[in-house]
Amino acid sequence: MLLIKSFPNLKQLFHLTSLRVRLTLGIAAMSILGLSGVVMWISWQMQSILVVTHKNNTRYIAERFPSDVEIYSDMVSLQEGTQRAIDNLSDSQTLLWVKTPQGNIWAQSQELKMGMRGSNLVSLTDIPPQPDLQRVNNRYWLLCSTKLVVKGVHLGDFYIAQDITKDQTMFLRVMRSLLMISVMATIFMMIAIAWYIQTSLTPLKRMSRMTENISPETLGNVQIQLENAPSEVKELAQTLQTTLTRLSEAWEHQRQLVSNVSHELRTPLTVVSGYLQSTLRRGTNLTDIQREALTTASSEAERTVQLLQDLLDLARAENGGMYFHLETIVLNELLSEILGMVDQYPIPVEICLPEQLIKVKGDKNRLKQVFLNLIDNGVKYSHSPEPIVLKLSQEKQQAKIEVCDRGVGIPLADQTRIFERFYRVDEARSRNVGGTGLGLSIVKTLVEGMGGTIKVISQPHQGTTFTMLFPLS
Ligand code: ADP
């Protein structure tokens, strides 16, 4: 947890939905399965070879022993013959003994007799007829028993014990080494696979990085170039590039259409608005109903003309066609001028100016448009008579202008979106106060066009502050 916290990329590194993690885990699982299959098969084969050799040896002794006893007993007594046959077939690894049907020892290897080793084997009761590997006192024994019949007489049971501890220990050591090598090979393979997959997916990551910052404005300039990428990824990049080009053309057409329509509609609507206003001014014999209808028509026409003007301004800014007549402006004077322009507003406007003069490079008319637009909003979205305050100050090498109101405020979720075109926090309320939803996007375009920045801080029912920063002249 701590590790993941200190390396946030680790979270991404082990994200189970990522193609890299899935491919690595999938291939690693298959490799581990394959490798462990091979290891198991090798171990099984080695074990079989080892045990089968000793089993054959055991079987050979079991088959030969009765005839040996028969041959020796022709010369000496049966018991003596059995003992000689045992001595003949015993060696350092092989212990033999014969028990009478009553369970007494009839003859046995010298080592057993002298109690040198394997003495506890004699007391074992469950020795099977087929050679079986058993661990007795930390040693590995291949044990088997068979009925001893000599000259048609059942003498008892013949037991064979082969000590294969040395071979078995060596086999286990080899298996342990094989296991360790397999684990190391698996770890190495996983690292190699992860690296290989990571490298193979790099072109996809590059493509995602190239496209993550695409916006409508930059659609046409995007070039997705992928050198040394696999052909499938190149094909995908090509498709994406074609789609982006088509989108860019469609976007351009749409922008052109909005611009042309706004332009074509603005002139006749301005004429209509002019006629309506002059009719209202000069019409002395208008009834109240007629006057009211004309007033509504006139204000709607004016609002639409304003909307068309805003759309044209935005279209011009996007086409790079908005020109700024930059000059040195003393903001203290400009704000005082604006104060004079808004003294008839329903809500009082106050300004707070510093003693020193603050100068910026900007377009006077555009700056006025920005400040008036923000003051207008302050008036539109305030229900109390609390004044709107314009504050000017200097912050580091920047001029800071704040427009503060004590109005309805903007919810946090909407604060990042209010600069978008046609975005309104409360559609019904905004329409009532005559907004178009374009004001703030024009303000932002103008401020940024003059090298400044704008941000908003607001609290519902407390008020809103728009803060602009411009580089000092
Ligand atoms: P509109 O023409 O609708 O006012 P704007 O782009 O100027 O469009 O503003 C977008 C939205 O931001 C408005 O609809 C309004 O909801 C909200 N808004 C802007 N300024 C303020 C303010 N000073 N106080 C509260 N809300 C505001």
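In this chain, numbering begins with 1 at the start of the sequence shown. Atoms within a ligand are numbered from 1 in the order they appear, just like the ligands themselves.
Among the atoms of Y381, some N or O lies under 3.5 angstrom from an N or O of ligand 1. Of the polar atoms of V408, none of the N or O atoms is found under 3.5 Å from an N or O of ligand 1, judged by distance alone. In terms of N/O distances under 3.5 Å, ligand 1 is approached by G437. Polar contact check, N377 against ligand 1: a nitrogen or oxygen pair lies under 3.5 Å apart.
Salt bridge status for D313 with R316: present, with a side-chain N to carboxylate O gap under 4.0 Å. The existence of a salt bridge linking E252 and R255 is confirmed by a sub-4.0 Å separation between a basic side-chain nitrogen and an acidic carboxylate oxygen.
Using a 4.5 Å heavy-atom cutoff, the side chains of M175 and F171 are in contact. Contact annotation: the side chain of M170 never approaches that of L50 to less than 4.5 Å [non-hydrogen atoms, C-beta and beyond]. A heavy-atom distance below 4.5 Å is found between the side chains of I193 and I197. At least one side-chain heavy atom of L124 sits less than 4.5 Å from a side-chain heavy atom of L121.
Residue contacts with ligand 1, taken as heavy atom pairs separated by less than 4.0 Å, involve L440 via backbone and side-chain atoms alike. With a 4.0 Å cut-off on non-hydrogen atoms, T464 touches ligand 1 through its side chain and not its backbone. Only the side chain of D405 comes within contact range of ligand 1, with a heavy atom under 4.0 Å; no backbone atom does.
Counting the atoms of ligand 1 from 1 in the order shown, those under 4.0 Å from a heavy atom of K380 are 1 (P), 2 (O), 4 (O). Taking every heavy atom of Y423 and a limit of under 4.0 angstrom, the matching atoms of ligand 1 come to 10 (C), 11 (C). Those atoms of ligand 1 that come under 4.0 Å of a heavy atom in G409, given as number and element, are 25 (C). Heavy-atom contacts of V425 reach the following atoms of ligand 1: 14 (O), 16 (O), 17 (C) (cutoff under 4.0 Å).
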| request: Start with the C-alpha gap between Q47 and V51, add the side-chain angles, then the distance that decides, and say whether side-chain contact (heavy atoms from CB on, under 4.5 Å) holds. | output: CA-CA 6 Å; Q47 177 82 342; V51 172; 4.3 Å; yes
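Side-chain contact check for Q369 and N373: no donor-acceptor pair (N or O, by modelled atom type) lies under 3.5 Å.
For G407, the closest heavy-atom approach to ligand 1 does not fall below 4.0 Å.
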